[in-house]
Amino acid sequence: MSHKLLLVDDEPFNLELMTELLQDAGYETRQAENGEIAWDILSSEGEQYSTVLLDKMMPGMSGFDVLKKIKAEPRLEFLPVIMQTAMGAASSVQEGLAAGAFYYLTKPFSRDMLLAIVGAAVGHWDRYAHFRELANLHVDALKHLNAATFRCRSHREAQAITALLAKTCPQPERVATGLFELLVNAIEHGNLEISYEQKSQLIAAGTWEQELENRLSAPTYRDREITVAFTQQGKQLQFVIEDMGPGFDWEYYQNAEPSSLMNSHGRGILIARKLSFDDLRYQDKGNRVVALVNQGE
């Protein structure tokens, strides 16, 4: 599947550089040299795009203004937006993430950094689109589910559980993306004890899939499961995910400045909290997380 990206920057050199790098990597791109043109494109054909790369500082309509418009439009609110900025200040990063930006890319950036971040954003969009499609299946009975508990070990099992439980929610695809991320974190970084640094190295070496299979079958890890408990209490849905790993220092990631989380799993926690759940809380030693969804009136 070909992915189409919208590149927004008032500097022609930056547009051409990103276009060349991303097209060489197999992406289809379209350019917009200011915020007004970008919003015109998104208003008429926003559903065609998988990710937007958006310069924050532009004359007229700024990138931040465009971001707020995207997140206020129901058709586009889950479209990943990568903000580009020369400012690495914590307040600037925090402002963008709070408004719904998927990631911050600080100029000047390397080819590898650009492709890694775009790849993560496009993957996030693919999962959202996949779960949106699954959620359209007519399963009315799940709206009456009050409680359920599941156990799983693998990504495939986690995906099936996610697709099912998401259908209990008013916006299934919104919850599915975050719920799946939490289950994957519990499997990879909890039960299988693969650090985020190790995962990056394994992916770069092309041995990630093999290492995952090796650990799933290794005596140390093969009996470990994650538990997913769902309960509906009035107008609130609760998802509790628990793994059998050693845990992590969740309080640091809960309280740290967003700018310090850009290269860590804190970003995943931040995204799950901002995009998928109304509340997200880690408990105990960090191997138990409670995610809440409010159903409204």
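One-based numbering along the sequence shown.
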>> Tell me every residue that passes ring pair (Phe, Tyr, Trp, His ring centres under 6.0 Å) with Phe78, counting only those two or more places apart in sequence or in another chain.
In response: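 Per chain and number, Phe78 pairs via ring pair (Phe, Tyr, Trp, His ring centres under 6.0 Å) with Tyr128.
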Please examine the side chains of [Y] and [X], heavy atoms only from C-beta on, and report whether any two atoms are closer than 4.5 Å.
{"X": "Trp39", "Y": "Ile70", "answer": "yes"}
{"X": "Leu76", "Y": "Leu42", "answer": "yes"}
{"X": "Val175", "Y": "Gln171", "answer": "no"}
{"X": "Leu216", "Y": "Tyr221", "answer": "no"}
{"X": "Pro59", "Y": "Asn34", "answer": "no"}
{"X": "Val240", "Y": "Val289", "answer": "no"}
{"X": "Asp126", "Y": "His3", "answer": "yes"}

>> Between Val8 and Val66, is the side chain to side chain contact (heavy atoms under 4.5 Å, CB included) condition met? List the steps.
In response: CA-CA 10 Å; Val8 189; Val66 177; 5.9 Å; no
Please determine whether a side-chain nitrogen of the Lys or Arg among [X] and [Y] lies less than 4.0 Å from a carboxylate oxygen of the Asp or Glu.
{"X": "Arg127", "Y": "Glu181", "answer": "yes"}
{"X": "Arg224", "Y": "Glu193", "answer": "yes"}
{"X": "Arg215", "Y": "Glu211", "answer": "yes"}

Are a donor atom and an acceptor atom from the side chains of [X] and [Y] found within less than 3.5 Å of each other?
{"X": "Gln23", "Y": "Thr29", "result": "yes"}
{"X": "Asp243", "Y": "His189", "result": "no"}
{"X": "Asp55", "Y": "Gln84", "result": "no"}
{"X": "Asp40", "Y": "Ser43", "result": "no"}

> Are Met61 and Ile37 connected, step by step, through hydrophobic side chains (Ile, Leu, Val, Met, Phe, Trp, Tyr) whose heavy atoms are closer than 4.5 Å?
Replying inline: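 Per the 4.5 Å side-chain linkage, Met61 and Ile37 are co-clustered.
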> Would Leu292 end up clustered with Phe180 when hydrophobic side chains under 4.5 Å apart are linked, directly or stepwise?
Replying inline: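 No, Leu292 does not connect to Phe180 through the hydrophobic network.
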> What pair of heavy atoms forms the shortest contact from Gly63 to Leu54, and how long is it?
Replying inline: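 Result for this residue pair: O-CD2, 3.1 Å.
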>> Centroid separation under 6.0 Å, is that true for the rings of Phe248 and Tyr282?
In response: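 Yes.
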>> Set out, in order, the CA-CA distance, both residues' side-chain angles and the distance that settles side-chain hydrogen bond (donor to acceptor under 3.5 Å, both in side chains) for Gln232 and Gln295, then state yes or no.
In response: CA-CA 10 Å; Gln232 181 171 198; Gln295 299 192 81; 3.0 Å; yes
>> Looking at Arg75, I want to see if its CZ is surrounded by more than 12 non-hydrogen atoms of other residues, nucleotides or ligands under 6.0 Å.
In response: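 Counting neighbours around CZ of Arg75, more than 12 heavy atoms of other residues, nucleotides or ligands fall under 6.0 Å, so yes.
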> Who passes side-chain hydrogen bond (donor to acceptor under 3.5 Å, both in side chains) against Lys4, sequence neighbours left out?
Replying inline: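 For Lys4, the residues satisfying side-chain hydrogen bond (donor to acceptor under 3.5 Å, both in side chains) (neighbours in sequence not counted) are Gln48.
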> What residues, two or more places apart in sequence or in another chain, satisfy side-chain hydrogen bond (donor to acceptor under 3.5 Å, both in side chains) together with Trp208?
Replying inline: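 Here no residue qualifies.
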> His124 vs Phe102 aromatic rings, parallel, tilted or perpendicular, using cut-offs 30° and 60°?
Replying inline: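 The arrangement is tilted - the two ring planes meet at 30° to 60°.
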> Testing Asp278, Asp279, Thr168 for side-chain contact (heavy atoms from CB on, under 4.5 Å) with Val293, which one passes?
Replying inline: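 So the option named by the test is Asp278.
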